[in-house]
Amino acid sequence: MEKLKYERPFIKKLNAGLMNKFGTRTEYTPHTHIDGVAVKELVAKYGSPVFVISEKQIRRNYQNAVRAFKTRYPKVQFAWSYKTNYINAVCNVFHQEGSWAEVVSGFEYQKAKGNGVPGNKIIFNGPDKTVADLELAINDGAMIHIDHFDELYELQELLTRLNKKARVAIRVNMDTGIYPMWDRFGFNYESGQAWNAITKIMASDNLELTGLHCHIGTFMLSTAAYGVAAAKLSDLAMNIKSRFGKIIQYLDLGGGFPSANTLKGSYLPGADIVPSIDEFAEVITSTLLNYGYKQDELPLLILETGRALIDDAGYLLGSVLATKRLSDGRRATIMDFGVNILFTAFWYDHKISPAQEFTHHTEDMVLYGPLCMNIDVVRESISLPLLNKGDQVVVHKVGAYNMTQWMQFIQMRPNVVMIDVNGNPHLIRNKETIDTLHDMEVLPDYLKKFEL
Ligand SMILES: *Cc1c(COP(=O)(O)O)cnc(C)c1O
């Protein structure tokens, strides 16, 4: 062990009175390795901050989710939600495992195609599909999930012009007992809007209705809501069968399962309260199996799970830039990562571990990021051992949405590394440099010269 650093003695206020009724938690263990690779080595080689993804954990999560559904229902297919993390190496781990692709924009569609996913295994969701996107999707035989009537009419017009047919589904929104309702996407069930869209599609010569889709929310803590969703989609499917004699081939229940992160303001840590994938699978599959489908007409069950499959496979390693005392006496620790690359710090209290041995002192502190912007706060208050300049920390469960929602503001985006199943690190996305900026900018000639 290294020689211990001198720490200035300080007086610590003891909280007498009510303790947390669940007792105290001591989670202060240094996190020195990820999948067998030393954090210090990763930082030395790839810089700080750096995102690290565990391929082993992705595969473990995926296989566990598939097991949860396939042991309960005969026909199950997952489709990787690109917007959750669309780094190609990540997507391809899912594709190697058998996952199709779920995309919500033209460029995500191009990425999925570029990764080698056949068109008929790409689910194209979202309210923003351009005519060019739709034409490409039609030609590829992709699964087009219609979001609104304007898209339905546009598609109709396009197909007539191209003299082609397309297989489509509609996205349905509904009251599942969770509020606010996500009724801005898709067609509403209760108002009859979804049925109206269905009858229009059934009446069309060039649209074939093959599926029904919903995505009722994200980080859903209620399993019952999925039972309601599966029942309402099944109701539509049964009505389509009895009215038109048409068998709906698949029901797509979307994503939304929570990861084990802790939401801000939650009394208990996420890992203690979020339902498991098995609990969601149980509600969804028993609703479908008990609904009354004929055995050979059971629809394929598609899931577009994002967050729950990737969050705990991602880590962010960062370093302490400085420590200081705020005017009110609180300790502040300034990190080299902030909300610029850890967007989810806005809604999660991420678990953060020191990456080296430390003394037994802990203190409540504010964790700031490096930006010159007051809202750049990683944590308002966290009890951690006293970190010093140059120390490293590991932020846990950051695999979902950070590597797609990160922003290039004041600091550029860092390297992303994947540790393969044999414990070898691979760079999977290069950090941005000044050239990244120069490549995109165009400086008009008349602005090239000045004198000061
Ligand atoms: C974002 C999204 C998903 C994935 O959601 P998670 O909450 O990450 O599971 C799935 N389907 C659609 C349509 C989405 O927009």
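Just so you know, ligand 1 is whichever comes first in the structure, and atom 1 is the first atom listed for that ligand.
Under 3.5 Å, the side chains of N115 and K111 contain no donor-acceptor pair of N or O atoms. Using modelled atom types and a 3.5 Å distance limit, the side chains of N206 and S204 yield a donor-acceptor pair. Counted by atom type alone, N261 and K351 present zero donor-acceptor pairs between their side chains at under 3.5 Å.
Ligand 1 places these atoms under 4.0 Å from at least one heavy atom of G255: 9 (O), 10 (C). For ligand 1, the atoms sitting less than 4.0 Å from at least one non-hydrogen atom of N125 are 13 (C), numbered in the order shown with element in parentheses. Ligand-side atoms of ligand 1 in range of T84: 8 (O), range being under 4.0 angstrom from any heavy atom. Listed by number with element, the atoms of ligand 1 under 4.0 angstrom from any heavy atom of E304 are 3 (C), 4 (C), 10 (C), 11 (N), 12 (C), 13 (C). The contact set between ligand 1 and T218, taken as ligand atoms under 4.0 Å from a residue heavy atom, comprises 6 (P), 7 (O). Residue R307 approaches ligand 1 through these ligand atoms, each under 4.0 Å from one of its heavy atoms: 6 (P), 8 (O), 9 (O). Within the listing of ligand 1, atoms 13 (C) sit less than 4.0 angstrom from a heavy atom of R171.
E157 and R161 are not joined by a salt bridge, as no carboxylate oxygen comes within less than 4.0 angstrom of a charged side-chain nitrogen. The pair D311-K397 does not count as a salt bridge, with every side-chain nitrogen at least 4.0 angstrom from each carboxylate oxygen.
Counting heavy atoms from C-beta on, the side chains of Y82 and V104 never come closer than 4.5 Å. For the pair L212/I198, a side-chain contact is recorded, criterion being any heavy-atom separation below 4.5 Å from C-beta on. Looking at heavy atoms from C-beta onward, F124 lies out of side-chain contact with M143 at the 4.5 angstrom threshold.
Closest protein heavy atom to atom 13 (C) of ligand 1: E102 OE2, 3.4 Å. Looking only at heavy atoms of the protein, atom 8 (O) of ligand 1 is closest to Y401 OH, 2.6 Å.
By the 3.5 Å distance cut-off applied to N or O atoms, G254 is not counted among the residues near ligand 1. Taking any N or O of G306, backbone or side chain, at least one lies under 3.5 Å from an N or O belonging to ligand 1. Considering backbone and side-chain atoms together, K83 places an N or O closer than 3.5 Å to an N or O of ligand 1.
Between F69 and F78, the angle of the ring planes goes over 60°, which puts this pair in the perpendicular group of the 30/60° scheme.
Crowding of D439 atom CG: a count of heavy atoms from other residues, nucleotides or ligands under 6.0 Å exceeding 12.
Counting heavy atoms under 4.0 Å from ligand 1, residue H215 touches it through the side chain alone.
Residue contact annotation: F185 has no non-hydrogen atom under 4.0 Å from ligand 1. Heavy-atom separations between A400 and ligand 1 are all 4.0 Å or longer.
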